[in-house]
Amino acid sequence: MKEHVNHIPSYNLIIKILVALLFFTFINTVTSTEQFGTLAIVLSLVYAVVKSFLVLSYYMHLKYESRFMQYMVTGVFVLFTLVIFITFIDYSFR
Amino acid sequence: MFEGASNLAAGVDKAFDFIFYISAFFIIGITGFMVFILFKFARKRHKQPQQFRGSVKLEVLWTLIPTIIALLMFYYGWQGFKPMREVPKGAMEVNAIGRMWEWEFDYGNGKRSKELVLPVNRNVKLNLISEDVNHSLAIPAFRVKEDVVPGYKNYLWFKPTKLGDYDIYCTEYCGLNHSGMLSKAKILDSAAYNQWLAELKVTKVLPSSEGLALMKKNNCLSCHSMSGAKVVGPPLNGIFGKKSLVVTSSGEKEITIDEAYLKRSILSPNDEVVKGFPAVMQSYKGVVSDEDIQKMVDYLKAQDAE
Amino acid sequence: MSNTAHHAAHGIDRDSGKMGMWLFLFTEMFLFGGLFLVYAVMRSQYPKEFHEGSLELNVFIGTLNSVILLISSATMAASLTAIQKNDKKMALRLVLTTLILAITFMVFKGYEWNHKLELHLYPGSEVMRNLAKGEIMFFGLYFMMTGLHALHIIIGCTLLTIVAIKIKKESINSQNFLLLENSSLYWHLVDLVWIFLFPLLYLIS
Amino acid sequence: MDNVTTPSQENYLNHKTGLWSWLTTTDHKRIGLMYLYAIVIFFLSAAVLGLMMKVEKMVPGQTIMTAQTYNAMFTLHGIIMIFIVVVPGLSAVFGNFFLPILIGAKDVKFPKLNLLSFYVYIAGAILGLFSQFAGGHSPDTGWTFYVPYSTTASSNVVLALTAAFVLGFSSILTGLNFIVTIHKMRAPGMTWFRMPLFPWSLYATAWIQVLATPVIGITLLMVIAERVLHIGFFDPALGGDPVLYQHLFWIYSHPAVYVMILPAMGIVSEIFPTFSQKPIFGYGAIVVSSLAIALVGYFVWGHHMFTSGISYWSRWFFSFLTFIVAVPSAIKVFNWVSTMYGGSVDMKPPLLYAISFIFLFMIGGFTGLTLGSLAPNIQLHDTDFVVAHFHYIIFGGMGFAFFAAMHYWYPKIYGVMYSDRWAYIGWGVLFTGFNILYFPMFILGIQGMPRRYFDYLPEFKTTQMISSIGAVILFTGLIIMISNLIYHRRRGAIAPQNPWHGVTLEWMIPSPPPHENFDEVPTITEEPYTFHNPVTK
Ligand code: HEA
Ligand code: HEA
Ligand code: CUA
Ligand SMILES: [Cu+2]
């Protein structure tokens, strides 16, 4: 196991991320109050995914974590998506 | 498998036999080979264990061959299953109703029967309706089985090909008397069938099914059946107006079941206990509103005595 | 997981402690994942009723709470930076800010729930029983999901309190801050869940 | 090498004594043993329930119990066997005891968490038993808790559900602990591919425990919410969906069956090389197939629901994947058999059990394929055929692997030997009884005999009778086997350090192992299962 340098995210970075997160939250409320139809749900999910990506990489330090952890977290999300997808093989073809 | 009596049997049996023979081959083969090894390479006889660690060729071989066999098995199973979901046009429809713990078959126009009577060689579609919990309608001789799920529109179809009586089971666990939820499928020739249908009495549809819903909701049916079966408590179908022997604190007496008695039985069941039953029913005073009790009693009153 | 710090004394290195925490977070993801699965299925069955149901929710409070949680996530992340920079005071202050924000979140949540109760909108109520089936489902999910989330916030608050005390006592310091790190991971997860809950419950028009 | 440990030497058993030292221990070996005793006791009590069900079914009609009791009985039997015995089973007992030793570590990574998960387990188990006896009816839903019955039944379902929830939590903690342990605690030189196969199988198992168990947790919580708070997730009257429950339940419970069998496969993978004095055949293939089973096993849950009205394509998909997941099992079977080929095979009791494992697992596996096939499933679903399938694969597979492990590691755990002669006799009776008990159930199932039936039609009389007699023989066999082990615990001859001439790390330390396993941490320099001078005396 190699010693990796311990990254400490600066206050500055933390605030930048916070601004981005708040920004997406704000847009989200806007795009869903207007009549965006089914697009609204898609957009909401896209924003949520972007936001969670930010939180995971910076606040939860995944960016500085080992490759293995990054794969694992991605894997878990992929696994969950697959489960939903497979369940819908049932529900969409009823 | 044992002899089938519907058009679907052949497909099921073919897939089953295919898997069965292959399995038998592998099980006997591998076991035989193991026994051979135990004999040939027993420590008594074979003192120099060879130290090889594997063979890529063999690994590939025994990945590929089982994959192919498995896919073949899948294919036969699928082929046998495919027709089961394709109901031919013009199949006659019967509603199969499952409730704790009986089957009822509704031929339309108020004609209901506890047994499934069908003409031979005609396609039938059974619409599966549950009035309470999950059940499953199974007729092994026809190789059919589908769950009867409340709120679901499930169905099954088949074409009976042989005259005779066949067992119907409930195969989804549905509570106390699950194993008693049996019936028969009677396959007649069409003349006999038509005559049977013509003679089938029209049962009046019960007025307040709200009462029944309440009884389910309050779990009355976990102790009482509406089919005449003795469960924990006495069956409640058609009891209104009948005579009943009850045990009170001052001894046994015979009463006629009237509205007042029904209410007393729900509010203070242990004052008059039906003879032959344990006094385990709890009072529903304060548990169920008077209004609801009235509805249940009305329902019990309206039940047709059979 | 609250005793990971204790293990630290016995040589639980930071890497292992964090890995254990991540594995635990995976289980949390699947715990909520089950609910999201139910949500997805039910939404596909009753799109209209879900829309109707979500109109009943207070978007303003929802948004406000989102903002609060995001900020609290930032302060938590910052406190981890602070402790690593050996700024004990700052770290403590940031953890306490997080705690206060968490409590504020709960107050708003409580207000929102209370409002629902006043309208007799709760599972099993008469009003609820007379709604359309899909709406009953929507509110059922709403209560279950936000309820479970709130439970996590409460657990988080307890954790934060312990962390604050330990920073104060300097048993969490710039050399040994695994508990703070793991608590902040936990806190971010709670935030992460809300990032999905908020649009799905409040914003689906 | 065969230096005999004198009992006076300090080891984990006499390192500290007294009940308190056991109850508060963080030694993985002691925790493993405590699990062993708890699990054996629960196994025996649930097994007695199984026996009683068989006695009830000896002849048609009511004999020794009412339908109500019968239903409560198979529910309790199922809950104990699945959640309390076989899911934790091998990993909690032998995993705890041998995982650290096999990878050359002094303990698991989080020893206190390990103890905590033991107590969580005990709490869950007690809650489960309590649900049977607390006022009201005992739960009678079956271990699957299908809604809407489980949400309307008047019995103590909530307690039983909570029990399963708590037990799941314990299982998660164990899994988590093992993953970190395997990642961080391997001895120097022990690369991933120098790790023996039992730790590998535990690794795959642990991932399933971590990633699948929470799903059952939330599902059971939803059922509890439905019963207590009247939220109608699954109640059609409130817009819910009963089949959705089945999806959620099996998303966990299918992977759970691999939680049961994977460690069993790991154990026999240890036994075959030792008793053949020959390296395992196809080490890499066995590792990969374990991981493949864990991964693909996640996606086949729907094969339990083929008749519940799921869509056509859903059935197609699940059946297809079910056949795919059988292939890695096939690979393992071929590799085990090939391991013995060319070896110097010594038919000691552990090997006998391992071989019976292959035989019974094949029968269970192939009948699983029959069930996974769409058309036959329609005929066989929820019949005694399914009951026979899973008893063959759980009891015949996992159970026999448990017995194999017991006989294999007994000398290591206790430092004494059992009687080979009685072990053979016990095996003979057990194996015969087992087949007489469960094989007829395949036939019953094919003829249509449904499961969870208190009573049956007269046409099944003879077959039921034969099967019940099998249960009694099996019972006798178990008693012989267990008595042999218990009897020699105090009176057995002192065991050498390495009675079977194994080459994995547990045989390099004294029997019983010292408190901290290794005096100095070993360094690993070669592949596992390397027999430099095979001993074939
Ligand atoms: C340890 C537990 C365990 C294991 C490992 C398995 C393994 C398998 N199971 Fe089983 N199963 C259960 C425990 C288990 N099962 C339980 C408890 C139930 C009932 C639950 C309930 O309803 O209460 C159940 C029910 C069950 C059903 C649902 C039946 C129904 O209710 O309708 C199905 C259907 O597909 C199934 C299939 C399989 C298959 C295909 C495998 C496969 O993984 C088997 C693979 C093994 C082999 C194939 C044998 C070895 C291979 C060879 C010798 C090589 C040759 C191979 C080929 C040519 C392919 N199982
Ligand atoms: C590990 C899993 C496991 C094991 C080992 C067993 C073991 C046995 N089971 Fe199993 N069984 C299940 C798991 C298991 N079962 C599950 C999950 C179900 C499904 C439940 C459901 O439908 O929800 C089930 C269902 C089930 C049924 C179906 C009920 C029905 O559908 O109607 C039956 C019926 O015969 C049965 C019988 C038996 C028998 C006779 C044994 C025998 O093998 C037991 C042998 C042992 C003994 C006979 C006793 C040994 C005792 C001693 C050695 C000494 C005792 C001394 C003291 C306690 C002091 N079981
Ligand atoms: Cu109806 Cu079982
Ligand atoms: Cu399965």
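Order of the sequence lines fixes the chain letters, A, B, ..., with proteins taken first and strands second; residue numbering starts at 1 for each chain. Model, not experiment: these values are computed from the prediction.
Of the atoms belonging to D:Ala67, heavy atoms from both backbone and side chain fall under 4.5 Å from chain B. Contacts of B:Leu182 with chain D are made by side-chain atoms alone, with heavy-atom separations under 4.5 Å and no backbone atom involved. Of the atoms belonging to D:Phe334, heavy atoms from both backbone and side chain fall under 4.5 Å from chain B. Interface residue D:Arg315: only side-chain heavy atoms are found under 4.5 Å from chain B. Heavy-atom distances place the side chain of D:Met347, and not its backbone, under 4.5 Å from chain B. Both the backbone and the side chain of D:Asn335 come within contact range of chain B, with heavy atoms under 4.5 Å apart. Heavy atoms closer than 4.5 Å to chain B are found in both the backbone and the side chain of D:Leu380. With a 4.5 Å cut-off on non-hydrogen atoms, B:Asn154 touches chain D through its side chain but not through its backbone. Residue B:Ala138: no heavy atom, backbone or side chain, is found under 4.5 Å from chain D. The parts of B:Met73 that come within reach of chain D are both its backbone and its side chain, each placing non-hydrogen atoms under 4.5 angstrom from that chain. When heavy atoms are compared at a cutoff of 4.5 Å, B:Ile69 does not approach chain D at all. Contact of D:Val288 with chain B is not made at all, since no heavy-atom distance falls under 4.5 Å. For B:Gln48, the part lying near chain D is the backbone, with the side chain staying farther off; criterion is any non-hydrogen pair under 4.5 Å. With a 4.5 Å cut-off on non-hydrogen atoms, D:Tyr456 does not touch chain B at all. Neither the backbone nor the side chain of B:Lys14 comes within less than 4.5 Å of any heavy atom in chain D. Neither the backbone nor the side chain of B:Ser130 comes within less than 4.5 Å of any heavy atom of chain D. Heavy atoms of B:Val148 lying under 4.5 Å from chain D are absent altogether. In this structure, the portions of B:Glu146 lying under 4.5 Å from any heavy atom of chain D include both its backbone and its side chain. No part of D:Phe442 comes within reach of chain B, as not one of its non-hydrogen atoms sits under 4.5 angstrom from that chain. Contact of D:Ser276 with chain B is made through the backbone alone, with heavy-atom distances under 4.5 Å. Of the atoms belonging to B:Val149, it is side-chain heavy atoms, and not backbone ones, that fall under 4.5 Å from chain D.
In this model, a donor atom of one side chain and an acceptor atom of the other lie less than 3.5 Å apart for D:Thr530 and B:Arg53.
Counting heavy-atom pairs closer than 4.5 Å to chain D, the top-ranked of the candidates B:Val56, B:Leu128, B:Leu58, B:Thr31 is B:Thr31. With chain B as the partner, the residue from D:Asn377, D:Val333, D:Asp241, D:Val147 showing the most heavy-atom pairs under 4.5 Å is D:Asp241. By number of non-hydrogen pairs under 4.5 angstrom with chain D, the leading residue of B:Ala141, B:Gly180, B:Gly54 is B:Gly54. With chain B as the partner, the residue from D:Tyr70, D:Phe306, D:Phe320, D:Phe275 showing the most heavy-atom pairs under 4.5 Å is D:Phe320. Of the listed residues D:Pro273, D:Gly343, D:Pro236, the one with more heavy-atom pairs under 4.5 angstrom with chain B than any other is D:Gly343. The residue among D:Ser373, D:Pro148, D:Ser344 with the most heavy atom pairs within less than 4.5 Å of chain B is D:Ser344. Looking only at heavy-atom pairs under 4.5 Å with chain D, the residue among B:Thr67, B:Val12, B:Leu8 that has the most is B:Val12. With chain B as partner, the option from D:Ile358, D:Ile355, D:Asp346 having the largest number of non-hydrogen pairs under 4.5 angstrom is D:Asp346. When each of B:Leu156, B:Asn134, B:Thr63 is checked for heavy-atom pairs under 4.5 Å with chain D, B:Asn134 comes out on top.
B:Glu59 has its side chain within reach of D:Ile331: a pair of non-hydrogen atoms, C-beta onward, lies under 4.5 Å apart. No side-chain heavy atom of D:Val345 sits less than 4.5 Å from a side-chain heavy atom of B:His46. In this structure the side chain of D:Ser338 reaches within 4.5 angstrom of the side chain of B:Trp62, judged on heavy atoms. Counting heavy atoms from C-beta on, the side chains of B:Cys170 and D:Tyr453 come closer than 4.5 Å. Counting heavy atoms from C-beta outward, B:Asp132 and D:Tyr149 have side chains that stay 4.5 Å or more apart. By the 4.5 Å heavy-atom criterion applied to side chains, D:Phe366 and B:Phe20 are not counted as neighbours.
Relative ring orientation between D:Trp313 and B:Trp78 is described as tilted, the plane-to-plane angle lying within the 30° to 60° band. Between B:Phe33 and D:Tyr341, the angle of the ring planes stays under 30°, which puts this pair in the parallel group of the 30/60° scheme.
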Before you tell me yes or no, could you show the steps for D:Leu374 and B:Lys82 under side chain to side chain contact (heavy atoms under 4.5 Å, CB included), namely the whole-Å CA-CA distance, both residues' side-chain angles and the distance that decides it to 0.1 Å? CA-CA 9 Å; D:Leu374 287 168; B:Lys82 222 163 121 186; over 6 Å; no
Give the intermediate values and the outcome of side chain to side chain contact (heavy atoms under 4.5 Å, CB included) for residues D:Phe531 and B:Gln51. CA-CA 8 Å; D:Phe531 292 83; B:Gln51 298 295 318; 3.6 Å; yes
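Residue B:Pro150 comes nearest to D:Pro242 through the heavy atom pair O-CG, 3.8 Å, listed as atom of the first residue, atom of the second, then distance. Between D:Phe359 and B:Met34, the shortest heavy-atom contact is N-CE, 4.5 Å. Scanning all heavy atoms of the two residues, the minimum distance from D:Met362 to B:Ile27 falls at CE-O, 4.0 Å. Nearest heavy atoms, B:Glu172 versus D:Tyr146: OE2-CD2, 3.4 Å. The nearest pair of heavy atoms linking D:Ile324 to B:Leu71 is CD1-CD2, 4.2 Å. B:Asp167 and D:Leu457 get closest at one heavy-atom pair: OD2-CD1, 3.5 Å.
Going from atom OH of B:Tyr152 over to atom CD1 of D:Ile310 covers 9.5 Å, rounded to the nearest 0.5 Å. One distance of note links CG of D:Leu369 with CZ of B:Phe74; it measures 13.0 Å at 0.5 Å rounding. Rounding to the nearest 0.5 Å places OG1 of B:Thr171 at 11.5 Å from CE of D:Met449. The distance from atom CZ of B:Arg85 to atom OG of D:Ser311, rounded to the nearest 0.5 Å, is 10.0 Å. With rounding to the nearest 0.5 Å, the separation of NZ in B:Lys145 from OG1 in D:Thr383 is 5.5 Å. Rounded to the nearest 0.5 angstrom, B:Tyr173 OH and D:Trp143 CH2 are separated by 16.0 Å.
Side-chain rings of B:Phe81 and D:Tyr312 approach one another, their centers coming within less than 6.0 Å. Between B:Trp101 and D:Phe454, the ring centre distance reaches or exceeds 6.0 Å.
Within a 6.0 Å radius of CD in B:Glu3, no more than 12 heavy atoms belonging to other residues, nucleotides or ligands are found. The number of heavy atoms from other shown groups lying within 6.0 Å of CZ (B:Phe39) does not exceed 12.
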